[in-house]
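Below is one structure, written out as structure tokens; comments come after it.
What you see is a predicted model; the values in this text were computed from it and never measured. For the single chain, residues carry numbers from 1 onward in sequence order.
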Amino acid sequence: MPTEDDRSGPCFVESPRMGDLIPTRVLCVAGARPNFMKVAPVMRAFAACPRFEAKIVHTGQHYDPKLSQVFFEQLGIPAPSIHLGVGSASHAAQTAEIMKGFEAVVVAQQPHCVLVVGDVNSTIACALVAAKLPRRETFHTCWGPRRRPLVVHVEAGLRSFDDDMPEEINRKLTDHLSDVLYVSEPSGVTNLANEGVSPDRVVLVGNVMIDTLLGAREQAMASPILDELGLTPNQYGVVTLHRPSNVDDPDALATLVGTLDHAARELPLVFPIHPRTKARLDAAGLALEQSRWRICEPVGYLEFVKLLSSARVVLTDSGGIQEETTVLGVPCITLRENTERPVTVEEGTNQLAGVSRERVMVAFRRAMSGAVTGRVPRLWDGHAATRIVRHLEQVFRDPAG
Ligand code: UDP
């Protein structure tokens, strides 16, 4: 399994002398909430390495300040150099709008590298544009001369094996368009090998989302959110829901909310409601009993990390929260039938419970009993972004060509 420490393969070349270089221009794409935690440490690592000139392109896939602006403020992410402002639409329309906007950006900026993270529509849209667009000039990489920008995917290789999940389509296509694939957990390396991706393009670097979590944890612990919501540490649970399979169908949503309300009779549940879920709950006329629930809008990252850290249990259909709870050692119940992050179940604190009341309540009781423990997966140590940028230094031989 290749790692950042394996410098023996043919893709590694000596770094050139700084005086010979023009900066390697990188466009980092971010569009939706889970992207911002991932680009934050990558941008910081690029900033610490003068041979790279990295800019953020914000596609505008998420435009609500509570799903976007707050993360720039709290995580010190540089303001986007370019904002495409696409907004909401159907998958096809949104992907197409991002592609149209991003094509013009790539033509104007002539990047050597386009870096995409995660599995949202912005990820696949920008990877597809970059993979097909010739630059005006050739440049050199450790794999030889090259005309098109190098496409780099951070959080590559994850698979739920569920094509009904729009993110799974985005993951698979993005991986197969990418030139360099940075993987967060061993299953990703195996999945890519099984799909025939050349192993010299795949590097297990660890988890950039955990870089952000570890970097922000101390500051997060000072958040007054528990007092504001009237909560006592270890005496509440946290719920998040936003996956289409759980919230789009009114009957499925009503059943799931009924199951969660059952758990809320034993432990008050805090529910920062995603706007998509709020709209679906309102449309279905579903109201939650105020005495058992603390309902609020999505909270900022620092507030959310504080909520997670002091929770007795977390019930979620989020991808990233499965990883964050594993590192925090907080029991997580995943309200899905599958996970693309199996290491959180095999090594971490995650229980895959699906949505049936029986299974969720079994997992809930187990979490409440204190029987759930886990360990932090290898390389989830706060240094994944540094490994990525060090590896990219080796990939880019002489971008001036
Ligand atoms: N998050 C947050 N505020 C909230 C809920 C979640 O900051 O109210 C953070 C959470 O800590 C994680 C990310 O949002 O870093 C997860 O995003 P989401 O669940 O939307 O996406 P997914 O991980 O499922 O792709």
Across all chains, not counting sequence neighbours, the side chain to side chain donor-acceptor pair (under 3.5 Å) partners of Arg341 are Glu155, Glu323
What orientation do Phe139 and His112 show, parallel under 30°, tilted 30 to 60°, or perpendicular over 60°?
perpendicular
Do Thr326 and Glu347 pass the side chain to side chain donor-acceptor pair (under 3.5 Å) test, and can you show the C-alpha distance, the side-chain angles, and the key distance before you say yes or no?
CA-CA 8 Å; Thr326 273; Glu347 298 185 24; over 6 Å; no
Verify whether the ring centers belonging to His391 and Tyr182 lie closer than 6.0 Å.
yes
Report the relative orientation of the aromatic rings in Phe396 and Phe52; use parallel for angles under 30°, tilted for 30 to 60°, perpendicular for over 60°.
perpendicular
So that I can tick it off, tell me whether Lys100 and Glu97 are bridged by a salt bridge, with the cut-off set at under 4.0 angstrom between side-chain N and carboxylate O.
yes
Do side-chain atoms of Arg294 reach the backbone of Leu229 as a donor and acceptor pair under 3.5 angstrom?
yes
Quick check: does any side chain N or O of Asp211 sit under 3.5 Å from a backbone N or O of His383, one acting as donor and the other as acceptor?
yes
Assess whether atom CD of Glu73 is packed by more than 12 heavy atoms of other residues, nucleotides or ligands within 6.0 Å.
yes
Answer with yes or no whether the side chains of Thr316 and Gln322 bring together a donor and an acceptor at under 3.5 Å.
no
I'd like to know whether CD of Glu218 has more than 12 heavy-atom contacts from other residues, nucleotides or ligands below 6.0 angstrom.
no
So, Asp179 side chain and Leu150 main chain: donor-acceptor pair closer than 3.5 Å or not?
no
Check whether any side-chain N or O of Glu297 sits under 3.5 Å from a backbone N or O of Lys66 as a donor-acceptor pair, and report yes or no.
no
Starting at CD of Gln69, measure out to CZ of Phe72 and round the result to the nearest 0.5 Å.
7.0 Å
Could you tell me whether the side chain of Thr349 reaches within less than 4.5 Å of the side chain of Val330, counting heavy atoms only?
no
Heavy-atom donor-acceptor pair, Asp175 side chain to Leu181 backbone, under 3.5 Å:
no
Please identify each residue that fulfils salt bridge (charged side-chain N to carboxylate O under 4.0 Å, His left out) with Arg280, with sequence neighbours left out.
Asp248
Do Asn350 and Thr334 get their side chains close enough for a donor-acceptor pair, meaning under 3.5 Å?
yes
Is it true that a side-chain atom of Thr232 and a backbone atom of Gln235 form a donor plus acceptor pair closer than 3.5 Å?
no
Between Ser310 and Leu307 (side chain of the first, backbone of the second, donor and acceptor by atom type, cut-off under 3.5 Å), is there such a pair?
no
Who pairs with Gln110 by side chain to side chain contact (heavy atoms under 4.5 Å, CB included), at least two apart in sequence or on another chain?
Arg25, Arg135, Arg136
Distance-only donor-acceptor pairs under 3.5 Å for side chains of residues 355-377, two or more places apart:
unit_1	atom_1	unit_2	atom_2	d
Ser356	OG	Arg359	N	3.2
Arg357	NH1	His262	ND1	3.3
Arg359	NE	Ala353	O	3.4
Arg359	NH1	Glu337	OE1	3.1
Arg365	NH2	Glu266	OE2	2.4
Arg366	NH1	Gln351	OE1	3.1
Ser369	OG	Arg366	O	2.7
Ser369	OG	Ala371	N	3.3

Would you indicate whether the side-chain heavy atoms of Thr212 and Lys38 approach each other to under 4.5 Å?
no
Side chain to side chain donor-acceptor pair (under 3.5 Å) filter on Ser68, not counting sequence neighbours, yields His58
Backbone N/O of Val257 and side chain of Asp261: donor-acceptor pair under 3.5 Å:
no
According to side chain to side chain contact (heavy atoms under 4.5 Å, CB included), who are the partners of Pro275, at least two apart in sequence or on a separate chain?
Asp64, Leu67, Pro298
Is there a side-chain contact between Thr123 and His153 (heavy atoms, below 4.5 Å)?
yes
Regarding Thr59 and Gln61, is there a side-chain donor-to-acceptor distance under 3.5 Å anywhere?
no
So Val239 and Val270, do their side chains get closer than 4.5 Å, heavy atoms only?
no
List in chain and number order the residues that pass side chain to side chain contact (heavy atoms under 4.5 Å, CB included) with Asp282, two or more places apart in sequence or in another chain; answer none if no residue qualifies.
Lys278
Pair Glu185 + Arg378, salt bridge at N-O below 4.0 Å:
no
4.5 Å side-chain heavy-atom contact, Ile333 and Val314:
no
Side chains of Val305 and Glu324, heavy atoms from C-beta outward: is any pair under 4.5 Å?
no
Mind checking whether Val106 and Glu103 have side chains closer than 4.5 Å, heavy atoms only?
no
Testing the 3.5 Å rule here: is there a donor-acceptor pair between the side chains of Thr141 and Arg146?
no
Residue list, salt bridge (charged side-chain N to carboxylate O under 4.0 Å, His left out) with Glu195, at least two apart or on another chain:
Arg159
Quick one about His91 and Asn121 (side-chain donor to acceptor, distance below 3.5 Å, no hydrogens or angles considered), yes or no?
yes
Does a donor on one side chain sit under 3.5 Å from an acceptor on the other, for Asn170 and Asp119?
no
In terms of side-chain heavy atoms, does Glu168 have a donor or acceptor partner in Ser160 at a distance below 3.5 Å?
yes
Does Asn35 use its side chain to pair, donor to acceptor, with the backbone of Ala32 at less than 3.5 Å?
yes
Under the ring pair (Phe, Tyr, Trp, His ring centres under 6.0 Å) rule, what pairs show up with a residue in residues 228-248, not counting sequence neighbours?
His242-His274
In chain order, what residues pass the side chain to side chain donor-acceptor pair (under 3.5 Å) check against Gln219, with sequence neighbours excluded?
none
Is it true that a side-chain atom of Ser122 and a backbone atom of Ala30 form a donor plus acceptor pair closer than 3.5 Å?
no
For residues 287-314, the ring pair (Phe, Tyr, Trp, His ring centres under 6.0 Å) pairs (sequence neighbours left out) are Phe271-Trp293
Those residues at least two apart in sequence (or on a different chain) that pass ring-ring contact (aromatic ring centres under 6.0 Å, His included) with Tyr63 are none
